[in-house]
Amino acid sequence: MENIFGSTAQECAQIMKALGEPAYRGKQLFEWLYSKKATDFAEMTNLSKSLREKLAENFVLGHGTIVKCQEDPVDHTRKYLIALADGSCIETVLMSYHHGHSLCVSSQVGCSMGCAFCASTRGGKVRDLSAGEILDQIFLVEQDAGVRVANVVIMGIGEPLDNFDNVVKFIGLANEGLGIGQRKITLSTCGLVPQIEALADLDLQINLAISLHAPFQDRREILMPIAKKYSLNALIKVCNNYFTKTKRRITFEYALIDGFNDRPEDINELTALFKGVPCHINLIGLNPVTESVYKGSQNVNFFSDELKKRGLTCTIRRKIGDNIDAACGQLRLKHKENEER
């Protein structure tokens, strides 16, 4: 049977109509699923017993299962391994900041993008997550940690724009169902140009982050195979169009890799690329990945200072989770390898 968790308000109304109920029952159902966080149809006490029975006969109200949780003893970052109904596993990470709790959610089981420094792509993409499976990560972590997630980053396993429709539906559910403002949601992409254009047409108020990682086309292609399909020039053009349409400033993520993209010429090229462009550069200290030959740079502070001197807006991402499997996909990969032994 279909899992009712992940249904929109309109879909809830349609479900009630199909069961011969008035449309306002759909609103009640929607509230039970999300704001009241029901885990069983029997909890929906303002619905008649017969209606609850009909719902149970036609739908399941299912959630994933937390298989493992690693907590960093220093900064208390939590990385969760979540098992889905089909046995697939994904990761989600709970981070605590002074402004509240942020959750980094996955959008796919595995990833097909093949970025050289990412553990998520080992083994490729298995499947897309449904909107409900993405939303369920918030549901499960809030229940386990006893916190309210205030900010969401779609930056876990998978390429969000490769799962465009489900991710857009998730954003609507997080906003309308859980009360998370669109400006509290960040979507991170490796640069799928047509989908960025399509996202701009939706005129959402979310934050868009682009994984850049190199200001030169040839070096970006080495790190990110998607760059061979969508050039750096095409990416920058569509990003400028995105800003023009939405008036939302884009963040460019830049993982500093020792000897590869932390050179003086990289600083010069970034300056030329973004001089006068309303954007933000987020420098990232690379988390170590056993399977990768790339190592984090020691020049993060110098690199940041030089970009600021040249008039660019730049920050260094707070490094957290050093004492757990911090790099995206590592915990899932270890779990999979242990199961195969």
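Note: hydrogens, waters and symmetry copies are ignored here, and every other heavy atom, side chains too, is used.
- Ring geometry for F139 against F5 counts as perpendicular: the plane angle is over 60°, on a 0 to 90° scale with 30° as the lower cut.
- Ring pair F260/Y294 is perpendicular by interplanar angle, where above 60° counts as perpendicular and below 30° as parallel.
- When atom types are taken as modelled, the side chain of N166 and the backbone of D128 share no donor-acceptor pair closer than 3.5 angstrom.
- Under a 3.5 Å cut-off, the side chain of T246 and the backbone N or O of Y242 do form a donor-acceptor pair.
- The backbone N or O of A255 lies less than 3.5 Å from a partner atom in the side chain of N261, making a donor-acceptor pair.
- Applying the salt bridge (charged side-chain N to carboxylate O under 4.0 Å, His left out) rule to D86 yields the partners R127; only residues at least two apart in sequence or on another chain are considered.
- Sorted by first and then second residue, the side chain to side chain donor-acceptor pair (under 3.5 Å) pairs involving residues 40-50 (not counting sequence neighbours) are W32-N46, T39-E43, S48-S50.
- Scanning for salt bridge (charged side-chain N to carboxylate O under 4.0 Å, His left out) contacts around E265 gives R263, with sequence neighbours left out.
- Judged as a salt bridge (Lys or Arg N to Asp or Glu O under 4.0 Å), not a single pair has a partner in residues 211-230 (not counting sequence neighbours).
- Under the 3.5 Å distance criterion, the side-chain polar atoms of N163 are matched with a main-chain donor or acceptor of S107.
- With sequence neighbours excluded, the residues forming a side-chain contact (heavy atoms from CB on, under 4.5 Å) with E11 are S7, T8, Q14, K169, listed by chain and number.
- Sequence neighbours left out, the pairs with a member in residues 147-162 that pass side chain to side chain donor-acceptor pair (under 3.5 Å) are Q108-D162, K125-D162, E159-T189.
- Side-chain contact of S211 with E253: a donor-acceptor pair under 3.5 Å is present, judged by distance alone.
- Partners of E197 according to the salt bridge (charged side-chain N to carboxylate O under 4.0 Å, His left out) rule, which considers only residues two or more places apart in sequence or in another chain, are K245.
- A search for salt bridge (charged side-chain N to carboxylate O under 4.0 Å, His left out) contacts involving D144 returns R78, not counting sequence neighbours.
- Aromatic ring orientation, F30 versus Y34: perpendicular (interplanar angle above 60°, classes split at 30° and 60°).
- Listed by chain and number, the hydrophobic cluster partners of M1 are V60, where partners are ILVMFWY side chains within reach of under 4.5 Å, directly or through others.
- For E142 and K37, the salt-bridge test passes: some basic side-chain N is under 4.0 Å from an acidic carboxylate O.
- With salt bridges taken as basic N to acidic carboxylate O contacts below 4.0 Å, one links K309 and E306.
- D72 and T77 share no side-chain donor-acceptor pair at under 3.5 Å.
- Applying the salt bridge (Lys or Arg N to Asp or Glu O under 4.0 Å) rule to pairs touching residues 230-242 yields nothing, sequence neighbours excluded.
- Among pairs with a residue in residues 16-25, those fulfilling side chain to side chain donor-acceptor pair (under 3.5 Å) read R25-Q28, at least two apart in sequence or across chains.
- Partners of H101 under the ring-ring contact (aromatic ring centres under 6.0 Å, His included) rule, at least two apart in sequence or in another chain, do not exist in this structure.
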